[in-house]
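In what follows, a single structure is set out as structure tokens and then discussed.
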Amino acid sequence: MALNLDLQFFAGEKTEKATPKKKQDSRKKGQVAKSQDINTAITLLAVFMVLMVTGASMLDAFLRLIRHAFRSYMLMPVTEESVLLLLTEVIIEIAKILAPILGVALLSAVASNFLQIGFLFSTESIQFKLDKIDPIKGFKRIFSLRAIVELLKSILKISFVGLVTFWVIWGRMDEIMTLSQKTVAAAMATIGDITVRVGLYASAALLFLSLLDYLYQKYDFEKNIRMSKQDIKDEYKNIEGDPLIKSKIKQKQREMAMQRMMQEVPNADVVITNPTHFAIALKYDEQKSDAPYVVAKGVDFVAQKIKLAAKEHDIIMMENRPLARSLYDQAEIGQAIPEEFFKAVAEILAFVYKTKGKI
């Protein structure tokens with residue numbers, strides 16, 4: 001009894017890698033290996049690269065908007081129509097200025113997701129489930145091992161990115177200390193350049209950490225979808241069907257094949273027998289084949305059924321022990337007999353046709 005319990009316990013342990021079907025089912029539910037940090041890092045990196053290229057033009061556009069606002073909007077009477085017109089124009093101009101940034105951010109977010117998991121659409125993860133608001137399960141999630149790992153990862157990211165940021169700023173400290181001696185435009189240009197550089201280096205550092213995080217997420221995902229030996233057996237049964245049902249289906253298929261074969265026996269020209277164990281029904285039709293072909297064959301009980309059907313339909317039976325055995329082993333139903341048996345079968349058919357008066 002104890003041994004059986006131990007075997008059941010080990011059979012229930014999830015020690016096996018997930019099958020392709022289990023992975024596919026998990027994917028349909030939206031459960032995939034994915035690192036959100038990769039999305040963040042790629043998006044930030046793309047945004048700061050665009051800022052590095054278009055930052056100066058964006059600054060000029062903002063300055064033109066401010067100058068236009070002071071020259072035109074300040075002189076407008078304050079009415080409901082003027083305020084609405086002012087807000088509309090300002091929002092449109094700001095949208096035009098920020099369009100490259102927003103467009104690149106959107107494209108990079110989509111691309112980073114596609115690179116990780118490909119195209120995937122699933123509503124399973126956004127469905128309302130009561131266990132998501134269960135305080136007990138929520139408390140367990142907060143103080144789980146996974147939560148501790150995520151906390152350590154966050155501390156590592158903050159420390160590493162902060163260190164890189166400090167290193168970049170420290171390298172430009174001489175320029176920062178002389179900002180008070182520069183013009184406003186020059187100081188803003190320097191601050192903008194430092195900000196973009198910090199963003200690029202910090203994004204690159206985060207991207208490096210996110211690749212490590214992706215490897216961890218993949219490992220953790222593979223671990224969570226592991227299966228027990230019993231799970232694999234159950235899945236196999238669901239895919240292939242119950243063995244008892246499969247055996248019944250195969251039996252039914254054999255019976256149908258046997259029925260079709262027996263229906264062809266009356267069309268045979270001759271039945272070559274063992275005489276007790278084997279029976280091969282042959283037919284020669286110039287329009288179907290250049291050589292005689294097998295319409296039915298069987299051994300023991302099936303052979304007796306073939307001979308009985310042949311007797312009922314006046315099909316001539318010829319006894320030839322070695323030929324019957326060889327044809328049974330080497331010729332398949334519906335196929336022409338091998339060339340090595342042409343002469344022997346031709347002599348038999350000639351005798352059959354002569355007996356029936358066909359020649």
Minimum side-chain heavy-atom gap L282-L327 below 4.5 Å: yes
Between K182 and T190, do the side chains contain a donor N or O and an acceptor N or O under 3.5 Å apart? yes
Look at the side chain of T54 and the backbone N and O of S57, then say whether any donor-acceptor pair between them is shorter than 3.5 Å. no
OH of Y216: more than 12 outside heavy atoms within 6.0 angstrom? yes
Quick check: are there more than 12 heavy atoms from other residues, nucleotides or ligands sitting under 6.0 Å from OH of Y219? no
Does S326 use its side chain to pair, donor to acceptor, with the backbone of L323 at less than 3.5 Å? no
For Y201, does the OH atom have more than 12 heavy-atom neighbours from other residues, nucleotides or ligands under 6.0 Å away? no
Mind checking whether L211 and L215 have side chains closer than 4.5 Å, heavy atoms only? no
Between V32 and Q116, is any pair of side-chain heavy atoms under 4.5 Å apart? no
Can you confirm whether Y293 sits close enough to D285 that some side-chain heavy atom of one is under 4.5 Å from a side-chain heavy atom of the other? yes
For Y214 and D37: C-alpha separation, side-chain torsions, deciding distance, then whether side chain to side chain donor-acceptor pair (under 3.5 Å) applies. CA-CA 8 Å; Y214 176 75; D37 291 341; over 6 Å; no
Correct closest heavy-atom pair for I97 and P100 would be O-CD, 3.3 Å
Quick one: sort the F208 and F160 rings into parallel, tilted or perpendicular, breaks at 30° and 60°. tilted
Is the count of non-hydrogen atoms from other residues, nucleotides or ligands lying under 6.0 Å from K218 atom NZ greater than 12? no
P266 and M262 have their tightest heavy-atom pair at CD-O, 3.4 Å
Can you confirm whether E339 is buried at CD, in the sense that more than 12 heavy atoms of other residues, nucleotides or ligands lie under 6.0 Å from that atom? no
Step by step, work out the side-chain contact (heavy atoms from CB on, under 4.5 Å) result for L51 and M58. CA-CA 8 Å; L51 280 174; M58 290 178 63; 4.0 Å; yes
Quick one: do D213 and K157 make a salt bridge, cutoff under 4.0 Å? no
Hey, does V295 have a side-chain heavy atom less than 4.5 Å from the side chain of N267? no
Are the side chains of D220 and N224 in touch, meaning some heavy atoms are under 4.5 Å apart? yes
For atom CE of M173, is the number of surrounding heavy atoms from other residues, nucleotides or ligands below 6.0 Å larger than 12? yes
Determine whether M49 and L200 make a side-chain contact, defined as any pair of heavy atoms from C-beta on separated by less than 4.5 Å. yes
Does the side chain of I272 reach to within under 4.5 Å of the side chain of F278, using non-hydrogen atoms? no
Are R197 and D193 within salt-bridge range, i.e. N to O under 4.0 Å? yes
